[in-house]
Every structure is written in C-alpha cells, then in structure tokens.
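Read through the structure below, which is laid out as structure tokens, and then see the notes.
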Amino acid sequence: MGNFGRLLKLANNSLSKEMNDFASQYGLTGVQMSTLDLLAKSGGILEQSLIEQEFNIKRSTTTVMLQRMEAKQLVERLEAKDDKRKKLVKLLPKAQELVGPVQTYINDSEQKLRANFSQAELAAAKKVLTYLWKGGM
C-alpha cells in the first residue's frame, strides 16, 4: 500500500494547489477563500477564535491573514461588545460579491470528489481523516 502519510500529504498539497489556483484570480489564497465561505455560512459575522478553530491555525496566523483581508476591504475586525478581548470578523460588501463564485467552486469541487467514490468508501475515508485530525496518532 505504500506510505499512507506521504500519500495523504500529497493529496492535501494537490487540493490546496487547486484551491489556491482558483482563489488567485480574485487576489485571494485558498484559506482566505475558505474564510469567506465560513463567514458567509455564519451570517456574515463570526468570532476570530472560531476561524482559528475551524482551520486549526494559530491566533497570530489568523491575525495576519485577516489583516491582509482587511487591507483588501474584504473583512472588518471589531471588538465584541461583551468582551473587548474578543475580536469579531465581519464580511464587507466587496467580499459579499465573491461569496457566490467561492461557494460554487467549493460545492463543485466537493461533488467532483464524491462522484469518484461509493458511500462506504467516503465513510471509511472520513473515519480515517477524523481520527488523524483529532490527534489519534
């Protein structure tokens, strides 16, 4: 079967490259594109900490990414009214224009991936990936 970890890394790199290639036409990275999608699905505003958790990235990495998105006028970061230590991230109108193409790309990619596997194969893959994601090793 070969080295499963290496194959998993190669697959991740391939998916990331495809997403980054698509995102680049909008001046975005794949993670920024995924962040827009997450914000849109969350009603347009979300705590920064939830973005960090969703993508399993450090606070400092998230802050730099969001600063770059702010510079492009895609998002705005605000202090939470109930706790000034919390940051809220809000989609701006310029980002709203990108939500349609971003979500279409993500949905189409998901459908193309799923079309190649049976439900049983998808369930087994999900079990393995969830195990790894939750730190099973």
Side-chain angles (χ1 to χ4, degrees):
M1 181 172 164
N3 186 318
F4 187 76
R6 180 178 178 278
L7 190 56
L8 186 60
K9 180 67 175 167
L10 292 171
N12 179 59
N13 289 349
S14 179
L15 290 172
S16 293
K17 182 183 179 327
E18 285 180 28
M19 184 172 258
N20 283 320
D21 288 348
F22 177 83
S24 69
Q25 69 184 301
Y26 299 104
L28 300 172
T29 65
V31 175
Q32 289 172 338
M33 193 171 82
S34 294
T35 301
L36 292 181
D37 178 55
L38 177 64
L39 283 164
K41 287 178 178 173
S42 301
I45 193 162
L46 196 61
E47 284 185 24
Q48 178 174 326
S49 62
L50 296 176
I51 295 169
E52 295 162 9
Q53 291 171 16
E54 176 71 17
F55 300 116
N56 194 25
I57 52 179
K58 295 179 185 177
R59 174 185 274 171
S60 58
T61 303
T62 307
T63 297
V64 169
M65 175 190 67
L66 293 172
Q67 286 171 340
R68 290 179 179 153
M69 292 176 77
E70 280 181 303
K72 295 176 185 178
Q73 300 177 338
L74 298 171
V75 298
E76 178 181 20
R77 288 185 310 147
L78 312 161
E79 288 182 350
K81 291 179 182 173
D82 63 330
D83 186 345
K84 294 190 185 284
R85 295 171 297 175
K86 290 182 186 176
K87 294 288 184 200
L88 300 176
V89 182
K90 179 182 175 185
L91 275 182
L92 294 177
K94 188 175 176 182
Q96 293 284 3
E97 296 172 14
L98 300 174
V99 168
V102 162
Q103 290 184 333
T104 297
Y105 171 82
I106 290 171
N107 291 336
D108 288 352
S109 295
E110 180 75 11
Q111 291 306 314
K112 287 177 190 173
L113 181 64
R114 288 175 174 272
N116 290 295
F117 302 98
S118 69
Q119 289 300 316
E121 289 169 326
L122 290 169
K126 183 176 181 180
K127 182 176 179 180
V128 170
L129 294 172
T130 301
Y131 173 80
L132 294 171
W133 171 59
K134 302 242 180 191
M137 292 185 42

Just by distance, do the side chain of Q111 and the backbone of D108 share a donor-acceptor pair under 3.5 Å?
-> no
Yes or no on side-chain contact (heavy atoms from CB on, under 4.5 Å) for E110 and I106, after CA distance, side-chain angles and deciding distance?
-> CA-CA 6 Å; E110 180 75 11; I106 290 171; 5.6 Å; no
The reported gap from CG in L50 to CG in L38 (rounded to nearest 0.5 angstrom) is 8.0 Å
Could you give the distance from CE (M65) to NZ (K58), rounded to the nearest 0.5 Å?
-> 15.0 Å
CE of M33 to CG of L74: how many Å apart, nearest 0.5 Å?
-> 13.0 Å
What ring pair (Phe, Tyr, Trp, His ring centres under 6.0 Å) pairs are there with at least one residue in residues 95-126, not counting sequence neighbours?
-> F22-Y105
Residue pairs fulfilling ring pair (Phe, Tyr, Trp, His ring centres under 6.0 Å) with at least one residue in residues 67-101, sequence neighbours excluded | none
N107 side chain to Q103 main-chain N or O, any donor-acceptor pair under 3.5 Å?
-> yes
Is any side-chain heavy atom of V31 closer than 4.5 Å to a side-chain heavy atom of T61?
-> no
Any residue meeting side chain to side chain contact (heavy atoms under 4.5 Å, CB included) with Q96, in chain and number order, not counting sequence neighbours | L91, V99
Between the main-chain N or O of G30 and the side-chain N or O of N20, is there a donor-acceptor pair closer than 3.5 Å?
-> yes
Give the cluster check for L92 versus V102: same hydrophobic cluster or not, with ILVMFWY residues linked at side-chain heavy-atom distances below 4.5 Å.
-> no
Same cluster or not: are L39 and L88 linked, directly or through other Ile, Leu, Val, Met, Phe, Trp or Tyr residues, by side-chain heavy atoms under 4.5 angstrom apart?
-> no
Roughly how far, to the nearest 0.5 Å, is the CD1 atom of I57 from the CD1 atom of I51?
-> 8.0 Å
K72 (side chain) donor-acceptor with G27 (main chain) under 3.5 angstrom = yes
Output for pair (M19 CE, S109 OG), nearest 0.5 Å, gives 6.5 Å
Validation: residues 75-82 side-chain donor-acceptor distances under 3.5 Å, sequence neighbours left out:
unit_1 : atom_1 : unit_2 : atom_2 : d
R77    : NE     : E70    : OE1    : 3.2
R77    : NH1    : Q48    : OE1    : 3.4

Checking S14 side chain against L10 main chain: does a donor-acceptor pair fall under 3.5 Å?
-> no
Are the side chain of S24 and the backbone N or O of D21 linked by a donor-acceptor pair below 3.5 Å?
-> yes
Is the closest basic N to carboxylate O distance between K41 and D37 below 4.0 Å?
-> yes
Roughly how far apart are K87 NZ and S49 OG, rounded to 0.5 Å?
-> 12.5 Å
Just by modelled atom types, is the T29 backbone N or O under 3.5 Å from a matching donor or acceptor in the Q32 side chain?
-> yes
Report yes or no: do L122 and L113 belong to one cluster of Ile/Leu/Val/Met/Phe/Trp/Tyr joined by side chain heavy-atom distances under 4.5 Å?
-> yes
Expected output: side-chain N56 to main-chain E52 donor-acceptor under 3.5 Å | no
Does the side chain of L36 reach to within under 4.5 Å of the side chain of M69, using non-hydrogen atoms?
-> yes
Of all pairs that satisfy ring pair (Phe, Tyr, Trp, His ring centres under 6.0 Å), the ones with a partner from residues 30-55, not counting sequence neighbours | none
State plainly whether one hydrophobic cluster holds both L8 and Y131, where clusters connect Ile, Leu, Val, Met, Phe, Trp and Tyr through side-chain heavy atoms under 4.5 angstrom apart.
-> yes
Exceeds 12 heavy-atom contacts within 6.0 angstrom, atom CD of E121 | yes
Under 3.5 Å, is there a donor-acceptor pair between the side chain of S42 and the main chain of I45?
-> no
Sequence neighbours excluded - ring pair (Phe, Tyr, Trp, His ring centres under 6.0 Å) pairs with any residue from residues 77-102 = none
